[in-house]
Amino acid sequence: MSKSRTGGAPTVRVARWSATHPWRAIAGWLVFVIACFALGSVTSVNEADGNDENIGEVSRADAINEAGKFNDPDVESVLITSPSGRFDRAEADKAAKVVTQRMKSVSGVAEVAPAIPSPKGQALIVRVTLKDSEADAAERVQPLLDTTAAVQGQFPELRVEQVGGESIDKALSETLGDDFRRAELFSLPVTLVILLIAFGALIAAAVPILLALSAVAAAIGLSAAASHLVPAVEAGNSVILLIGMAVGVDYSLFYLRREREERARGRNHLDAVELAAATSGHAVVVSGIAVIISMGGLFLAQDATFSSFAVGSILVVAVAVIGSLTVLPAILGKLGRWVDRPRVPLLWRLSARNGEPRFWPAVLKPALKRPAATLIVSVVALLAVASPALGMTLKFPGTEDLPRDTAVMQAYDRLTEQFPSTGTSHQLAVQAPADQQPAVAAALTDLVNRTKSSDLFAQDGLTEPRVSADKTVTVLEVATPYDGGSQQARDALAKLRSELMPQTVGQVPGASYAVGGFVAADVDYAAHIRSKLPLVIGFVLLLTFIVMVVTFRSVVVAFTAIGLNLLSAGAA
């Protein structure tokens with residue numbers, strides 16, 4: 001191979017050294033991955049909290065609530081109704097008394113409130129407050145569920161069921177967790193099968209997966225250390241896994257495929273590695289830079305979640321690029337033709353057959369024959385598929401989006417029907433001098449009275465204001481009988497913010513206030529994203545354009561690449 005053609009490229013020089021010093025390169029990679037993972041274990045993860053968010057009024061409400069230093073214990077509700085529709089209040093009172101007695105004897109219970117009848121008179125609710133504990137949520141709530149089931153057995157003519165954050169989490173983890181575990185176990189074998197079809201050999205199929213997994217492990221460790229600069233969110237590692245497997249396998253696939261093609265043309269394995277580095281290796285670097293730039297644009301959203309995703313994505317892509325340029329050539333250089341072993345007979349013949357391919361030329365022939373017509377039809381089709389994005393609604397998934405075929409969600413629906421305040425609520429957070437606390441209390445009472453004239457608010461009266469120990473912070477939950485994603489819930493939020501709070505709490509001297517809660521977070525976050533999205537997109541497009549121009553020395557190619565990406569993203 002002519003050294004002048006490819007020898008000067010950095011990707012080729014790195015690949016040549018790795019291929020001629022395979023054990024050093026492989027050992028160095030293993031040390032790097034282990035060191036990164038160990039670094040993450042030592043530093044631990046710094047998780048983002050409410051102080052890392054700044055998305056409007058809901059963030060101010062969270063800050064006021066946190067200033068109150070309230071104890072927020074978990075609460076489970078035992079709902080007593082009648083499956084037949086005939087509610088026997090006397091029998092329900094007996095069941096409630098048994099629930100109260102038995103729950104008080106459970107070790108993890110801090111308090112059991114007296115039974116409360118529903119406004120419709122068709123249900124009783126017994127609220128059980130749990131003690132603070134470091135124990136697993138499923139372990140904490142199971143004794144309560146067992147107690148509820150025992151009471152149900154004692155009163156078969158009634159429906160006695162338990163609902164709460166802990167019990168819902170436990171039930172959904174059991175029903176959905178198994179599905180997620182199956183999906184995780186299923187993904188790797190499916191990826192391996194796809195690579196076997198592509199390469200027809202087990203080692204060639206396994207190499208990209210191993211490289212991707214090692215890149216993910218290193219990036220998870222690095223992201224834990226980086227979380228002390230940019231706090232991490234819970235889903236960060238999932239993003240690292242998803243993107244890491246995608247780009248890790250993809251980059252290895254490019255490289256390995258080109259190396260095999262060069263060997264098939266009669267080159268020795270070292271020359272094949274160098275040519276793959278000069279072509280596919282260069283493409284990997286450009287692709288990695290483009291992905292890193294795109295992910296870097298997320299920092300402009302000034303959002304803890306997107307910043308965490310950006311850090312994890314940038315790290316795993318950078319590590320995958322480094323691995324593709326170093327340890328992959330080393331493995332290929334060491335294995336040589338052994339990379340095509342052991343062969344899967346039929347798949348090997350399909351993947352290794354010589355001659356020009358037939359399928360893609362047949363697909364491309366009409367487009368090359370009539371390029372203008374093909375371009376118009378393709379663009380119109382993509383725009384048609386992308387058109388629903390113009391009406392896209394941004395919202396958080398709420399309880400209304402959870403599957404209703406589970407017993408706990410059916411119980412939740414019955415609970416919120418009888419006691420609307422146990423569903424969606426708005427959090428009114430007020431901070432004022434301690435000597436103004438009586439005035440704040442009076443203002444909130446006035447506000448609650450004003451809500452009684454509107455069907456946007458629930459009227460079952462289960463919630464009471466909470467006041468901080470220093471009397472400077474007061475928090476009140478005002479419920480709405482509608483789902484968190486409904487327009488009525490948003491209308492209730494707007495009425496609180498624009499009318500009820502300014503007219504009541506807003507008249508207290510020295511008081512600052514904000515309305516938070518799920519609906520507020522949904523509305524404020526969507527507004528935050530809409531305001532930042534043009535900046536993020538503009539940044540990504542501009543830098544991508546610059547990278548494309550520098551790489552291909554062509555403005556036309558750069559504009560074409562950006563246009564195709566916008567069309568495909570819109571269609572997706």
Which residues share a side-chain hydrogen bond (donor to acceptor under 3.5 Å, both in side chains) with T279, sequence neighbours left out: R258
By ring pair (Phe, Tyr, Trp, His ring centres under 6.0 Å) - contacts of W17 (at least two apart): H21
Residues in side-chain hydrogen bond (donor to acceptor under 3.5 Å, both in side chains) contact with D74, at least two apart in sequence or another chain: R140
Under the ring pair (Phe, Tyr, Trp, His ring centres under 6.0 Å) test, residues paired with F518 that sit two or more places apart: none
Would you mind writing out the side-chain donor-acceptor pairs for residues 228-238 within the sub-3.5 Å range, not counting sequence neighbours?
from: H228; atom 1: NE2; to: T43; atom 2: O; distance (Å): 3.0
from: H228; atom 1: NE2; to: S44; atom 2: O; distance (Å): 3.2

Side chain to side chain contact (heavy atoms under 4.5 Å, CB included) against L394, all qualifying residues, sequence neighbours excluded: M392, A526, I529, R530
Run the side-chain donor-acceptor check on residues 321-332: report pairs under 3.5 Å with partners two or more places apart or on a different chain.
from: S324; atom 1: OG; to: A320; atom 2: O; distance (Å): 2.9
from: T326; atom 1: OG1; to: I322; atom 2: O; distance (Å): 2.6

Pairs flagged by ring pair (Phe, Tyr, Trp, His ring centres under 6.0 Å) wherever residues 539-558 is involved - sequence neighbours left out: F545-F559
Exam field: side chain D524 to backbone V58, donor-acceptor pair closer than 3.5 Å: yes
Close side-chain approach of V45 to S227, heavy-atom, < 4.5 Å: yes
N565: side-chain hydrogen bond (donor to acceptor under 3.5 Å, both in side chains) partners, not counting sequence neighbours: none
N268 versus D271, side-chain donor and acceptor atoms under 3.5 Å: yes
More than 12 heavy atoms of other groups within 6.0 Å of R265 CZ: yes
Identify each donor-acceptor pair in which a side-chain atom of residues 244-254 lies under 3.5 Å from a protein atom, sequence neighbours left out, and give them as a table.
from: Y251; atom 1: OH; to: S287; atom 2: OG; distance (Å): 3.2
from: Y251; atom 1: OH; to: G288; atom 2: N; distance (Å): 3.4
from: S252; atom 1: OG; to: G248; atom 2: O; distance (Å): 2.9

Which residues share a side chain to side chain contact (heavy atoms under 4.5 Å, CB included) with P371, sequence neighbours left out: none
By side-chain hydrogen bond (donor to acceptor under 3.5 Å, both in side chains) - contacts of K131 (at least two apart): none
